[in-house]
Amino acid sequence: MTEQKLTIHNTLSRKKEEFNPIHPPHVGLYVCGPTVYGDPHLGHARPAITFDLLFRYLKHLGYKVRYVRNITDVGHLENDADEGDDKIAKKARLDELEPMEIVQYYTLRYQRAMDSLNVQPPSIEPRASGHIIEQIELIKKILEHGYAYVVNGSVYFDVEAYSKKYQYGKLSGRVLDDLQANTRNLDGQSDKRNPFDFALWKKAAPEHIMRWKAHISYKSGEKYKNGQAKKRSFTSLGFPGWHLECSAMSTKYLGETFDIHGGGMDLMFPHHECEIAQNVAADGKEAVRYWMHNNMITINGQKMGKSLGNFITLEQLFTGSHQLLQQAYSPMTIRFFILQAHYRSTLDFSNEALQAAEKGMQRLLKAVETLDKLKPSDKSTINVAELEKACFDALNDDLNSPIAISVLFDGVRAINSVNEGKEQISAADLERMKLLYHSVVFDILGICNEKTESGNNQLTADLIDFILNLRKQAKANKDFDTSDRIRNELTRLGVVVKDTKDGFEWEIG
RNA sequence: GGUACCAUGGCCGAGUGGCUAGGCAGCGGUCUGCAAAACCGUGUACAGCAGUUCGACUCUGCUUGGUACCUCCA
């Protein structure tokens with residue numbers, strides 16, 4: 001369909017690169033999912049929708065994609081100090097619930113929100129807690145290769161040792177010396193040799209409610225006099241470090257090397273940096289070919305984040321129940337809003353911007369409906385091929401959805417002009433146009449028409465049609481008192497009446 | 001403090017060394033009993049200063065302002 005190939009921006013090289021999968025037609029895609037200890041918010045929607053677009057587009061291009069998006073349900077600490085709390089354990093303690101109750105509750109809330117945003121479920125959605133064994137195996141390998149050390153039952157990654165051979169910080173552009181100088185050291189509390197070391201396994205205090213027994217035996221670097229490697233072993237009741245889960249699960253489901261790893265830009269350091277280090281330390285090679293990072297959503301120019309307390313949950317957005325919101329915004333409005341900005345730009349939230357997105361999307365969807373009503377002519381005065389090319393060129397250019405959408409809007413004007421008889425379209429071009437809009441709008445951008453599915457059943461629809469036909473009669477008889485009364489009453493009941501050339505339209509608003 | 005990034009018309013938001021992105025709002029028009037809706041048309045903006053260039057919003061330097069990461073965050 002297109003001559004141009006898909007290029008994607010690789011964070012590693014900071015350049016757009018042509019996308020070539022390792023084992024075509026298969027593509028392995030891993031994206032960092034949520035830590036399920038709170039309601040999903042607008043920030044969660046961005047990576048989900050960004051990588052949903054990628055997922056959908058790769059499939060459109062004919063690739064067979066295995067998309068893995070994890071659920072973090074253990075190991076994500078409140079802070080990096082040794083006394084750091086596990087987020088889920090903490091929430092569980094506060095609410096007097098089993099940690100897995102918290103996990104279950106928020107996982108379902110997340111999935112439901114993603115569903116309403118028309119985000120397709122990933123192929124595999126693994127949980128960290130279900131992969132403790134894999135994570136312990138990984139720790140063992142890293143210990144045997146000499147890039148980790150054991151202190152008081154906890155295991156830490158030895159960044160300094162790793163840096164002698166490999167470049168720690170290459171993804172985020174950080175230099176070890178800077179890290180050394182600038183990392184906060186919480187005085188004396190730490191078992192770590194260096195403040196920038198990170199935990200692979202944390203020994204848990206007895207009151208810690210989420211912990212697993214790890215029995216780790218490994219060949220240490222030390223040797224007996226006869227040359228045999230000394231074996232060491234220890235048992236520790238604890239839990240895995242946050243960064244470990246993604247390394248373990250991506251390797252398990254996508255292999256030691258795979259194509260694309262995505263996530264929010266805020267995860268670049270330290271999370272993804274640590275992930276690279278863990279994979280290299282364990283297997284001697286980097287796992288990921290292309291790193292993709294979406295930018296943040298801002299609110300009044302400031303990052304929206306859980307820790308900043310300025311986030312809006314998706315439910316609040318859908319229902320309009322937040323002091324910053326002037327109205328409710330439908331899931332599709334949110335989706336369209338996010339797609340109207342490029343995924344690597346920050347996107348500023350405002351009521352005005354969301355309202356603009358809402359109206360724009362309605363215009364686009366209306367035109368897609370109009371497309372089905374168009375009458376073909378002998379020839380075309382509009383260039384569908386050019387439109388199509390511009391649209392796919394944009395998508396191929398690092399998923400430039402805002403440009404693709406702007407091209408679609410050019411087409412909207414053409415569609416409306418044909419409808420008004422100002423332009424003409426041939427039967428073949430009309431088919432091509434329909435195919436283009438259906439595949440780009442519905443399949444790739446994943447926009448669906450929400451209007452039709454609101455709770456109005458057939459009886460209601462028939463009744464409203466009946467009443468409006470009475471009004472139409474009244475109008476024909478110039479009985480405007482009656483016609484206005486009907487319109488006003490329907491408006492009061494929430495039915496928006498729109499007069500058209502040959503009759504009326506209505507919708508429940 | 002260190003390291004990045006950004007600065008575009010009323011708002012959101014693309015992009016480029018010379019040729020109008022797009023959406024929303026506004027304005028003008030078509031339609032209409034009125035209104036609404038819908039549709040059509042319409043806007044030369046690119047933080048400031050200096051430099052490179054035939055030509056810069058786009059390249060370079062400086063200034064100012066802002067943001068992010070360095071601690072958990074999508």
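Since the structure is predicted, the reported quantities are computational estimates derived from the model, not experimental observations. Sequence lines set the chain letters: A, B, ... in the order given, protein chains first and strands last, and positions in each chain run from 1.
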Chemist: Let me spell it out: for each of A:Leu42 and A:Met361, pick the nucleotide of RNA chain B with the closest heavy atom. Which residue's pick is nearer the 5' end?
Modeler: A:Met361
Chemist: Which letters describe nucleotides 28-38 of chain B, given B = protein heavy atom under 4.0 Å from base, S = only from sugar-phosphate, - = neither?
Modeler: -----BBBBB-
Chemist: Taking side chain to side chain contact (heavy atoms under 4.5 Å, CB included) as the definition, give me every residue that meets it alongside A:Ser172, ordered by chain and number, with sequence neighbours left out.
Modeler: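 Listed in chain order: A:Arg174, A:Met268, A:Phe269, A:Glu273.
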Chemist: So what's the dot-bracket for RNA chain B: Watson-Crick or G-U pairs under 3.5 Å, [ ] if a pair crosses, | if it pairs off-strand?
Modeler: (((((((..(((.....[...))).(((((.......)))))....(((((..]....))))))))))))....
Chemist: Could you tell me the separation between the NZ atom of A:Lys303 and the P atom of B:A74, rounded to a whole number of Å?
Modeler: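 So the NZ-P distance, A:Lys303 to B:A74, works out to 9 Å.
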Chemist: Give a yes/no answer on whether the side chain of A:Arg413 brings an N or O atom under 4.0 Å of OP1 or OP2 in B:G41.
Modeler: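 Checking A:Arg413 against B:G41: at least one side-chain N or O falls below 4.0 Å of OP1 or OP2.
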Chemist: Please list, in numerical order, the residues of residues 324-343 of chain A that have a heavy atom closer than 4.0 Å to any atom of RNA chain B.
Modeler: A:Gln340, A:Ala341, A:His342
Chemist: Could you tell me which residues satisfy salt bridge (charged side-chain N to carboxylate O under 4.0 Å, His left out) with A:Arg69, sequence neighbours excluded, listed by chain and number?
Modeler: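 Applying salt bridge (charged side-chain N to carboxylate O under 4.0 Å, His left out) to A:Arg69 gives A:Glu125.
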Chemist: Determine: side-chain N/O of A:Ser345 to OP1/OP2 of B:A14, distance under 4.0 Å, yes or no.
Modeler: yes
Chemist: Within the structure, does a side-chain N or O atom of A:Asn400 lie under 4.0 Å from either OP1 or OP2 of B:G15?
Modeler: yes
Chemist: Hey, what are the protein-to-nucleotides 8-11 of chain B N/O distances that come in under 3.5 Å?
Modeler:
from	atom 1	to	atom 2	distance (Å)
B:C11	O2'	A:Glu352	OE1	3.3

Chemist: With the side chain of A:Lys87 defined as its heavy atoms from C-beta on, choose the nearest nucleotide among B:C72, B:A74, B:G13.
Modeler: B:C72
